[in-house]
Each structure stands twice: as structure tokens, then as C-alpha cells.
Asker: 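The structure follows.
Every chain is numbered from 1, with letters handed out A, B, ... down the list of sequences. Nothing here was measured: the structure is a model prediction, and the numbers come from that model.
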There are 2 protein chains.
Amino acid sequence: MLDASDLRFVTALSAAPSLAAAARNLGVTPPAVSQRLALLEDRLGLRLMDRGRGHLRLTAEGAYLVNRAKDILNDVASLADEMSARAGRIEGPLHVIAPFGFGRLRVAPVLARFGDENPELHPTLNLSEDPVGAMSDGLWDVLIHVGRLPDLRITQRKLAPNRRVLVASASYINRAGLLQSPEDLSTHRIGVVRENRADASLWPLTGPDGIATNLRVRPVFDCNDGEVLRAWALEGFGIVERSEWSVSADLRAGKLVRVLPEWSLPDADIVALLNPRAVRSLRIDKFVERLGSEISAPAG
Amino acid sequence: MLDASDLRFVTALSAAPSLAAAARNLGVTPPAVSQRLALLEDRLGLRLMDRGRGHLRLTAEGAYLVNRAKDILNDVASLADEMSARAGRIEGPLHVIAPFGFGRLRVAPVLARFGDENPELHPTLNLSEDPVGAMSDGLWDVLIHVGRLPDLRITQRKLAPNRRVLVASASYINRAGLLQSPEDLSTHRIGVVRENRADASLWPLTGPDGIATNLRVRPVFDCNDGEVLRAWALEGFGIVERSEWSVSADLRAGKLVRVLPEWSLPDADIVALLNPRAVRSLRIDKFVERLGSEISAPAG
DNA sequence: TCAAGCATTAAGGCGTAACTTAATGTGGGC
DNA sequence: GCCCACATTAAGTTACGCCTTAATGCTTGA
């Protein structure tokens, strides 16, 4: 009678605005969808979807079936994951969210290698200016973030420590002059990363005497991709705050210099958040473990 | 990955003592089962069953899978039933338990007609000397019984009223003599139905003055099929207690006569018990409804 | 030791579910 | 009216899941 493939079929249909769109999503032709739905409706003796007036609408019976189908399919997936975990197999979908810069440069390579080693794994990487916002957009298993996120009820597992530093190119400093104290920043060109709708212009600095002060800066350039900001700093656009992982090679190469090196900013640990609503599965655990070990390793 | 047919397969295996027995139950050859199980184990990367030492045993992983599979398959069946009910379709398995005599003569014909009218219905009729015991043997949806069952927490829906009477053939009475009171029974040949391990030798009689007395009889012949007992009464073996439905035609035809007609026995209503653990479905409701209406109709 | 039952492997077969292509009709927007 | 997107029908194709048969080996009980 009803089979899991039927249930998957109707849930796929219910997520599309039309049968044709569903066919495209499923990678088949419209008659395949049209005929299969008709066969299923015939077997059940029920109309599941109304196709009139250019819109695909679920009937009451169709909606009921889809709701129940989702629960059952979740159970089936959960069972498949459990069996997979018991076998130590790493397979299935893995949805990762990460910020633009760190995501592209540090998460993506690890994910690619991890996926290469586990061909049955289906990774999805969502790079976002607003990783926290992306969380509420639907499907995610792991969110990787630079710096702990405040006011979240989700456990944030530290993958690696990470310091934040102020840097600029040597040419910019030669041109604009050395800084002696944070107050000097007000006369400089400042660039910030636009991320998570956070207030990027408030820099909590701690001096060599251990006294903390919140400095309000006025950014003259910003971008939602941290690596673009680094490139701009290299171009001599001004002073930027970056994570150490981002600029360590540049500092060593002398392309960038520390600004106010005796002042420090709060650490911004690399953290992983696990979706409490997602099924805990081996692939998630193994990926996070792998990412942590690769990020903690000395940068190449 | 995992599909409902896989889940059905492993649950069928888990219910059998060997792969060969499971094959027989499924109506296929042993290699079909052996190969399919091997393929599933290969896909999962897990050993599900140990075949050693002449016994089929579930591994821990296999047991876990089967337990989860049962839950999921119940959900799927429940959903299928719900969709079926919404469409007003009568289909799927229907497991009925009934006593030998009543089951064969009154339940089976109705069930056969009901099944004829609904080709997608798969009826199973289990006639048992011990209907209550059969309940605990596994799979049942409806139990039909003559007389209410005591000490059961299951709702017993009355399908039809039914009186119990003492009868014997005219030739037996001519030979053995008329009875004037219940005490006369002690000098007569008594036959009883052996059913449900009940004490069939205790007859709770109520006299014309309304006073009840429990009479202990000593049966000299018994059978677990009530209709055999009727036949024996017709043969002149002795006095039997029967339900009215069983002997009404014989009484009208004069083949049997009432014994102590001014005394009565408690009614033994025809009742239907629904398995509270079974999914409530349209086919069960419709069958019980049909059975009730056919049993209540004047006997043909 | 022998027979019976069971499990497995290799090779082959077949039915059907899941498509495809081609054609047609409908509805909406311009 | 034309075009586009969508839905449906008819007919054909094919891959694969689910077997089968034949053969072999193992275990157990008499």
C-alpha cells in the first residue's frame, strides 16, 4: 500500500508551487510526476491536490497525508542514521552554516576533504553574512562561528582559540603615522566586518595595565566578507580588526603590521553550534571533530 | 536507504525460527530470503542476525532495527488505514476470532460475503475452543463471543440478544422420562460445551418464581464445538444447553424439545470485543456493523 | 553413517515501477 | 491572437528489484 517512496513523493510535491516545479526539483519530466500522482490518488481513492487556477493546493486529505508522512519519514531517517552510526558509516545530508570569510577559507576545504573521504555524504555549505539569521531559515545541522554568539540557548562548542588584532599595511602606517593610544584611532581610516547585524563599531579594548575601555570607532569602509576587509587592509585602505587566523601569514610576511599591539581585544574563539532540533548523527559528530582538529593545527 | 519493504522484511524474519521458515511464511524460496538479508546487511554494514547453531538469533543491532521497524510500520499502517477510511474503502487485513460453532455457522458466512464485496480485504478467521486464549496468541482485531466474558477490561459490544435453553430430542425424553424440576437432571445424561476453560457444569437456573439456583450437573459427554453437541442431542444422546440461535429451527421442526421450559438460564448475548491495541479502522467497524445486523435478523 | 533441514552462492529470468517522448488542451498575461 | 507555462494522456522503454533454479556445504539427530 503506502510506501516510503510514496511519502517522499508527496512531501516533495507539497514543497513546490506546481507539479512542473516539483518535477524540476526531482529531476524528472512533468508527466512522470503527473502520472505518478494520478496513480497514487487512484490507489487511495482520494484527491490529494487541486491543480486548478495555476496553483497547486493540497486538499484536506493531501495535507493530512503530508503531515503524517513527514513524521514517518523523520522516523525512517532517524533509524537510518542510527543504523549508520552503529556501523560507523558516514553518509547522508550534512548542512553547515558558516560566515563568508572563515567559511570559504577554512570550513569549505575541510568539508570538501571530508566529503571526498565519505562519498555517501551529501554536504551543503551555506555561507552567510548573517549566520544566525540563516539558522532560522530552515535546514541546518552545524553552524560554525568566529566568536561566541551572545544570548543563544544553544551550546557553543569551542573548536579553537582565536585572537582578534588590529592591523594595517606598513604603507598605510607610513603614510598616516604611528598610533600611540586608542584615541588616535579617531583620526584614522577604519574598516569593519558587517556580520550578524552586530555593532561592529564598538571595540572593547584592554590596555597594558589591564584596564578595559569601550572605544567607539567610525568605520569608513565595511564589507560582509572578512577576507575582503583583509585585502583592503593589504591595499592600504586603513586599519581593520581581524582574527589572528586571517592575518597571521600576512603579519609574518610583513605585509601587515600590528596596530596598538600592546592593546588587546577579547578573544573570538571558533565555535560550533549543533542544531538541537537536528537528529544527532555520526556524520555531524565526525565532521565537527575533524574541523576542530584541522583548525587547531598550526596554519599552513 | 531504508524502505518500508526492508522494515517489513526484517520484522517477518524476526518472527520466524529460521530463514527457511521465514521463507515459507513469505511464500518464497530460501535463497530469496538469504540473499535479501545479505544485501541488506551489506548496505547497512551491520550483522543483523546470527545464523549459527541451528537457531536464528537477532544481533543487538538487528533487535534494535526490528523494534524501531515495528513502530514505523504501525505508523505507516495507521496512515494507510486513515487514508482508506477517508476514501470509504474497505481493505487490508481483518483478524477475527470466534468460537467453533457460532464462528463456523454464523460468523464465517458473513465474513465470506463481506470479503466478496470488498476484494481488497484480507480476512483471517480463527475458530477456537478457547477464544480468550487465542486473544493472547497475537494478532486479532475482533473477537466474537456467545455470552459476555467476565473479568475482561475490554468493552464488549452487544451484537444481538441470545437466550440459552435446555433441549433434548423427543425420543430421548420419551425414553428417559419427563423432568419436573432441576433436581431431576441428576438422573439424566447431560452434555456440555467445553469452551474457554469455563466451568460448564455449573448451570445458574432461575425458576418460575424468580428464585435463582446454581445447579451442579455431571456431564457424560462434551465437545469443544457447540454444533457437535447439538447433533448429539438430535441423536438422542441426552440433554444439552444450547443457545437459542443454535436450536431454534430444530425446536420449530419438533426435532428437539425444550427441557424444563419454565426455568431459564442467563442470557448469553452475542458480543463483539475490539482489540484495544489494534488500529481502529473502517474495515473493522464496517464488519462488526454488518455482523450485528445479520445476526439480529430473524434466522433463516 | 546417513538423512533431513538449513544456509549460501552463482547464474538466469521476468514483471513492473519509473520513467521517457510526443502530442494535446487549458489558462493567463501581454 | 499569440506565447508561455502548466497539466494530462498515450504509448513505449528500461533498469532493477525480486525472485527462481541448481548446486554445494554444514549441522544435527537417529
Asker: Taking the minimum atom-to-atom distance to the side chain of B:L19, which one of C:dT8, D:dT21, D:dC6 wins?
Answerer: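 Among C:dT8, D:dT21, D:dC6, the one nearest the side chain of B:L19 is C:dT8.
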
Asker: What integer distance in Å separates A:L13:CG from D:dC6:P?
Answerer: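 Going from A:L13 (CG) to D:dC6 (P), I get 14 Å.
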
Asker: Measure from CG on A:L40 to P on C:dC19 and round the result to the nearest Å.
Answerer: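 Atom-to-atom, A:L40 to C:dC19, this comes out as 14 Å.
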
Asker: How long is the line joining CG of A:L37 and P of D:dT8, in whole Å?
Answerer: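 Checked: the CG to P distance equals 7 Å.
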
Asker: Could you state the atom-to-atom distance from CG of A:L39 to C1' of C:dC19 in whole Å?
Answerer: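 Rounded to the whole Å, the gap is 12 Å.
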
Asker: How close or far is atom P of C:dA18 from atom CG of A:D6, stated in whole angstroms?
Answerer: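 Rounding to the nearest Å, CG of A:D6 and P of C:dA18 are 7 Å apart.
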
Asker: Whole-Å distance between C:dA17 C1' and A:D42 CG?
Answerer: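 So the two atoms are 15 Å apart, to the nearest Å.
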
Asker: Between A:D3 (CG) and C:dA17 (C1'), how many Å, whole number?
Answerer: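 That distance rounds to 12 Å.
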
Asker: Check nucleotides 9-16 of chain C for protein N or O atoms closer than 3.5 Å to its own N or O atoms and list the pairs.
Answerer:
| from | atom 1 | to | atom 2 | distance (Å) |
| --- | --- | --- | --- | --- |
| C:dA10 | N6 | B:Q35 | NE2 | 2.8 |

Asker: On the nucleotide C:dA7, are OP1 or OP2 found under 4.0 Å from the side-chain N or O atoms that B:R36 carries?
Answerer: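 Negative; the distance criterion is not met.
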
Asker: Determine the contact category for A:A32: base if any of its heavy atoms lies under 4.0 Å from a base atom, sugar-phosphate if only primed atoms, P, OP1 or OP2 are that close, otherwise nothing.
Answerer: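 Base contact - A:A32 has a heavy atom under 4.0 Å of at least one base atom.
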
Asker: Are OP1 or OP2 of D:dC19 and a side-chain N or O of B:T29 less than 4.0 angstrom apart?
Answerer: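 B:T29 to D:dC19 OP1/OP2: no side-chain N or O under 4.0 Å.
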
Asker: To the nearest Å, give me how far apart CZ (A:R8) and P (C:dA18) are.
Answerer: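 After rounding, the reported distance stands at 11 Å.
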
